[in-house]
Amino acid sequence: MGEVEPGPAGPLEPPEPPEAPASRRLGGIRVLKRNMKRNGSRNCLNRRSRFGSRERDWLREDVKRGCVYLYGADTTTATPTSTSASASSSDLHLVLCTVETPASEICAGEGKESLYLQLHGDLVRRLEPTERPLQIVYDYLSRLGFDDPLRIQEEAANPDLGCMLRFYGEKPCQMDHLDRILLSGIYNVRKGKTQLHKWAERLVVLCGTCLIVSSVKDCQTGKMHILPLVGGKVEEVKRRQFSLAFSSAGAQAQTYHVSFETLAEYQRWQRQASKVVSQRISTVDLSCHSLEEVPEHLFYSQDITYLNLRHNFMQLERPGGLDTFYKFSQLKGLNLSHNKLGLFPVLLCEISTLTELNLSCNGFHDLPSQIGNLLNLQTLCLDGNFLTTLPEELGNLQQLSSLGISFNNFSQIPEVYEKLTMLDKVVMAGNRLEVLDLGLLNRMSHIKHVDFRMNHLKTMVIENLEGNKYITHMDLRDNQLTDLDLSSLCNLEQLHCERNQLRELTLSGFSLRTLYASSNRLTAVNVYPVPSLLTSLELSRNLLECVPDWACEAKKLEILDVSHNLLTEVPMRILSSLSLRKLMLGHNHVQNLPALVEHIPLEVLDIQHNLFTRLPETLFSKALNLRYLNASANSLESLPPACAGEESLSALQLLYLTNNLLTDQCVPVLVGHPHLRILHLANNQLQTFPASKLNKLEQLEELNLSGNKLKTIPTTIANCRRLHTLVAHSNNISIFPEILQLPQIQFVDLSCNDLTEILIPEALPATLQDLDLTGNTNLVLEHKTLDTFSHITTLKIDQKPLPTTDSTVTSTFWSHGLAEMAGQRNKLCVSALAVDTFAEGVGAVYGMFDGDRNEELPRLLQCTMADVLLEEVQQSTNDTVFMAHTFLVSHRKLGMAGQKLGSSALLCYIRPDTADPTSSFSLTVANVGTCQAVLCRSGKPVPLSKVFSLEQDPEEAQRVKDQKAIITEDNKVNGVTCCTRMLGCTYLYPWILPKPHIASTPLTIQDELLILGNRALWEHLSYAEAVNAVRHVQDPLAAAKKLCTLAQSYGCQDNVGAMVVYLNIAEEGCTCEMNGLTLPGPVGFPSTALIKDPPKPTTPSSSSGIASEFSSEMSTSEVSSEVGSTASDEHNTAGLEAGLLPRPERRCSLHPAPATGVFQRQPSCATFSSNQSDNGLDSDDDQPVEGVISNGSRVEVEVDVHCCRGRDLESSPTLPQRAPTPCHEERARGLVLGIRRQNSVNSGILLPGSKDKAELQKSPSTSCLYGKKLSNGSVVPLEDSLNLIEVATEAPKKKTGYFAAPTQLEPEDQFVVPRDLEEEVKEQMKHHQESRPKPEPSDEDRTELPEEFDTAL
């Protein structure tokens, strides 16, 4: 801890060290100065060097006290996102203060002129003297979602907060930003292209669009040479090192030669000057530079026509402030958006040359009347302010052709629009209009486009029946209209009215070309006359029972979408239309399509989720242009034949027939479509796929045959040379198909089959990226096979379960399966979290994370969120509190990665229910973004999540609007994301927040399963369909795979992820020993215990969620070490004896043992390596570890050495009684009691048997030291003579975190006892144990408190 420089005496100070001189006191604050090293990877201080005990005591006295981390200024060349991680040599000051302490007082104590605030590693603004830094921090945390004042105080003192909010004593700057603003220096300069002039020392400045050369002594008053560079040249002077020739444009071009001293300076000037000369117009871009004023040299660039100062903090009364911009004599365009001006800069109205002015998002409440002086203004953008009216003087701007006033506070259309005759658009999205006044619009004959999206429109008013002949486009999306009659708009060409509450819609069809009216409650749509120009009609997600008659008569209709309605039939006139190219009929109640008589130009036909049992026999012969057909989720038993003739004329390329009743008889029909590229036949009744038929589908690229009854894939698949994706999970395939010969194969999913072996070629195709073999219980992969697969990016295989372990008890209540598919994306941006045994095995945690376009954040959340939850559970028992804090802390821990990237997150926590005595477990679900969880209760779906998106949550949309975010036409906040709550994306604060929605429910016997899915899954599957699809699937892995397959067959092309958790929550499922369940047998013996109503056997991946993914970065030696290693077999006897030793009473998850108050972090399956030398010495040990057999090998042991600090460990006297003390010889040999699995990630765990290890037996983190589970399912006991608990205890004290471990046994070297001799061996071992003398307990044998240690590896 650094020295403490005391501040002045006063009530704001903590107790002062006696050695601190009183003369150094200042006032009101306390400064702790340190020059500490920062951790570059985490960008935060060492946690043990924050405060001393006195400072902490002072903070605890009042929640309004806290600390502010004050950083020194850093000058770097880094990007904005890495500014906060710049040079570690800066001083860091910890200022203790209160929420009332102003910035001026902190500056006085620090000797600084001003304080600066940086948000999210981006812009930096100067704090006003009266602003209170600590109050700013507290307000920020409160808006994030923290409610408890004590927790806010704690979070404010966390240095990790610096990635979101940081204070500086001096303004930080970046070299590349300084170069863009101004370059200057004293260099040797020569004028002219000839050598008549001599080299002379001059001051050279590059600012804006000009090069300025002046005398060194009289640089402010002497003669200046200004060289315009736009359109000129910057060339290298070859005869002189590090020299550049700057030339202006035009016939009278001038040239200046400048000689630089270093290569770095030469490159900086060349890079910046090249940007200037490449411009066609004189443009200066100084956006996002945290400027308060422009440099004075910029005013010498009199040719500037466009100046961009967006995202700065421009001031008015400064030498380079806004009040001096009238000096730009040729300025035509000025962008001052997002500058937080507050007041309109009146002097801007004197720049008469302006034609474009952008003042959006500046907090204006009104406009001055002087704005009418800008007579040349053509474009004025005032979006994102607080305007309620416009001045009448604005009507003087007769050249104004574009006026943006969206996302303000207007309650009616400003009357000044009637005077602005050059305007053709009224853009007022996101205001507070409640009445659609057509009468006012009728008086504005110059208005053609009207944008009223996201207002509060409820009713429509029209003064007379006179028609409006001018309005052609109208946008009324996201309002509250119930009835809409726009028949008076006789020239209306395009109407958007999605997401209202419309029941009836009436329009004029004279000029109508496109109509978008989805997501309403429409039962009737009236258009008169028939719209002869209509090309696109979208009426999906309504209550229509039939297709409107006028739509059947539209002669130019090309696109018709009536999906998600109540249609029962399709008119013949629609299907036989000679103009229709795309027809969407999905999710209706249609049973038949009319027979086709004539040829039709239809190209896309979507009829999924209907009641079809057959398709028209002439469909393929008459619709020769059909390229896409989706008939999934029907009851089709056969397919119509393709067109007759020797050479097929079919153009069909994409065919989706998933979830029907198709049999093998449909396969020959597919041969008539030789151009098929994508074929989905999943979840049908196929038993064979004829080899001769598959041979003819040579253009096939993607084939999905999952969920059938296939036993083999034909060998002729090798002829499909373009195939890149094969999905055939959940079949009965026993022979690995010959797909590894295909040159373009990328993705192969053969999970949940009956594979036993794999025959692979000598060389695998380089394109193979993903191979999924999970769920094949009889599959055994040899070392050579694993070595061959080592280059695959993702290899998924089963981790074989341990025999006779206690995990069969804990996994009785829940088991999970996970499926993730990338779709047509190049990368997978979805991650999942699954911990079947969480918090000492009495709960479970499941999560889903969707990064949309980024994969970094989902991976980070997958690795950290379970640990954060475990820490928060220790601090609070309130589910709402610890779940909210888990999300908020995870948001903070994302660090710099979360500044620009964001992710949806879903977390489900199952734990024993202490509040409801009638329930065994409770389920708490929290989410942000679009990931959702659905519980199946008595066969019905129960949604537990809330979708935080602008389209589905009007409250969140209103919140974002009130905070003046700009919502683009595609419904995205600032054009970035449609989500309003996410983890990450801190630069979009306060519009995007991390506070989650939280729901809790007790689990009962009626609860069957839990489904977690990302946005893509729930966009294509309803809650009821998802539940019904997997209710009767025995394997949760197969269930999750089925959901993803259905989503893809229903049209999903994005990343899709699904997790299915099967629940078996019932009192009769109790497996405690007190209910009569016998103990498992010894190591190596099958257990004779029987569980009441055992669940149907499932695959290892489904019962325990264990799957091993071998990354391409893993070496062959590391893969081999996972499979097995060599060791002696002298430990088998110890393992046998250990199984017969007494053990504590086992409890199930329904009746957990009483809490011991020991804080324990969730094991994270860390791998510790021991690189032993020939003499058996570890790199950090002076003495060889006793019992380690040194053979020079590299041994890996899966352990967890997370925090095991005991809080109330002293008050646990019953612990030694639960673990009876074995004999002295057994203690010395380090015998073990038995085996139990820790969770779905860690391998088998052997419990310690000695008395001094009893304190640690409850800790899964340390108990996993006693065994190593191999990928083939065997368990290898470690050396008897090595006390690994002591080694693990000492491990955190080492610098490297590694410790020595003995070698392991080969599975075939283990001592195996035949079943018929099992009882005899037990008796002999028992007799041998009883015959041993029992020594008197000594003082050394007494229970001692374990040493406390803390580590954070």
Side-chain angles (χ1 to χ4, degrees), residues 620 629 636-648 650 652-765 767-768 771-773 776 778-779 1045 1049:
F620 294 131
L629 173 61
L636 295 177
E637 299 178 358
S638 61
L639 296 177
C643 52
E646 296 182 359
E647 183 176 353
S648 175
S650 173
L652 192 63
Q653 299 182 15
L654 293 86
L655 180 58
Y656 297 90
L657 298 170
T658 294
N659 205 10
N660 279 285
L661 303 176
L662 298 174
T663 61
D664 303 349
Q665 298 178 358
C666 73
V667 178
V669 179
L670 302 176
V671 180
H673 307 286
H675 301 291
L676 271 180
R677 295 189 298 107
I678 298 178
L679 175 60
H680 282 221
L681 288 169
N683 297 104
N684 280 282
Q685 299 179 6
L686 300 180
Q687 295 184 356
T688 60
F689 201 107
S692 59
K693 307 304 178 183
L694 186 59
N695 187 31
K696 297 182 180 180
L697 300 178
E698 298 179 354
Q699 305 295 322
L700 208 59
E701 299 176 5
E702 179 178 328
L703 178 61
N704 193 324
L705 298 173
S706 58
N708 285 284
K709 302 176 182 179
L710 298 176
K711 295 183 179 180
T712 59
I713 299 293
T715 57
T716 53
I717 195 173
N719 295 330
C720 302
R721 309 295 291 177
R722 297 186 179 182
L723 191 70
H724 59 71
T725 300
L726 173 63
V727 181
H729 64 79
S730 306
N731 279 283
N732 301 321
I733 300 173
S734 58
I735 302 176
F736 193 83
E738 298 182 7
I739 43 91
L740 298 182
Q741 305 284 357
L742 299 176
Q744 300 183 21
I745 192 68
Q746 299 178 10
F747 180 87
V748 178
D749 187 351
L750 293 171
S751 58
C752 303
N753 278 288
D754 298 329
L755 295 176
T756 57
E757 60 180 353
I758 299 178
L759 300 178
I760 59 175
E762 295 181 358
L764 294 179
T767 56
L768 185 60
L771 177 59
D772 192 346
L773 300 174
N776 290 278
N778 299 321
L779 181 62
T1045 297
S1049 296

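Just so it is clear, the values below take in all heavy atoms, side chains as well, and ignore hydrogens, waters and symmetry mates.
- A donor-acceptor pair under 3.5 Å is formed between the side chain of N684 and the backbone N or O of N660.
- Within a 6.0 Å radius of CD in Q685, more than 12 heavy atoms belonging to other residues, nucleotides or ligands are found.
- Taking 4.0 Å as the cut-off between side-chain N and carboxylate O, R722 and E701 do not count as a salt-bridged pair.
- Note that CD of E702 and NE2 of H680 are 3.5 Å apart. Values are rounded to the nearest 0.5 Å.
- Taking each heavy atom of T1045 and S706 in turn, the nearest pair found is CG2-OG, 3.5 Å.
- Counting all heavy atoms, side chain and backbone alike, H673 lies closest to S650 at ND1-OG, 2.7 Å.
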Exercise. Assess whether side-chain contact (heavy atoms from CB on, under 4.5 Å) is satisfied between L700 and I717, documenting all intermediate values.
Key: CA-CA 10 Å; L700 208 59; I717 195 173; over 6 Å; no
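- The CD1 atom of I678 sits 10.5 Å away from atom OG of S1049, with the distance rounded to the nearest 0.5 Å.
- Taking 4.5 Å as the limit, every side-chain heavy atom of S638 sits out of range of all side-chain heavy atoms of Q665.
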Exercise. Take L652 and H675 through the test side-chain contact (heavy atoms from CB on, under 4.5 Å) and record every step on the way to the result.
Key: CA-CA 6 Å; L652 192 63; H675 301 291; over 6 Å; no
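- Nearest heavy atom pair, residue T725 against residue L723, reads O-CD1, 3.6 Å.
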Quiz item: Stepwise, does the side-chain contact (heavy atoms from CB on, under 4.5 Å) test hold for V727 with F747?
Solution: CA-CA 8 Å; V727 181; F747 180 87; 3.8 Å; yes
Side-chain donor-acceptor contacts of residues 686-695 below 3.5 Å, not counting sequence neighbours, with atom names and distances?
unit_1, atom_1, unit_2, atom_2, d
T688, OG1, D664, OD2, 3.0
N695, OD1, N719, ND2, 2.2

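- Side-chain atoms of T767 never come within 3.5 Å of backbone atoms of Q746 as a donor-acceptor pair (strictly under, hydrogens ignored).
- The shortest distance between side-chain heavy atoms of F736 and I760 does not fall below 4.5 Å.
- Residues K696 and P674 are not in side-chain contact: their nearest non-hydrogen atoms beyond the backbone lie 4.5 Å or more apart.
- Taking CG of N732 as the reference point, atom CG of N753 lies at 7.0 Å (rounded to 0.5 Å).
- Here the shortest heavy-atom pairing between P761 and L740 reads CD-CB, 3.8 Å.
- Separating the CG atom in D772 from the SG atom in C752 is a distance of 8.0 Å, to the nearest 0.5 Å.
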Quiz item: Would I713 and L703 count as a side-chain contact (heavy atoms from CB on, under 4.5 Å) if you check the C-alpha gap in whole Å, the side-chain angles of each, and the deciding distance to 0.1 Å?
Solution: CA-CA 11 Å; I713 299 293; L703 178 61; 5.8 Å; no
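- Two residues are said to be in side-chain contact when any heavy atoms from C-beta on lie closer than 4.5 Å; D754 and N778 fail this criterion.
- Taking each heavy atom of L726 and P737 in turn, the nearest pair found is CD2-CG, 4.3 Å.
- Taking CG from L771 and CD1 from I739, the interatomic distance works out to 7.0 Å, rounded to the nearest 0.5 Å.
- At least one donor-acceptor pair closer than 3.5 Å links the side chain of N731 to the backbone N or O of L710.
- Between the CG atom in L657 and the CG atom in L639 there is a gap of 5.5 Å [rounded to 0.5 Å].
- What you find for A728 and L750 is that their closest heavy atoms are CB-CD2, 3.8 Å.
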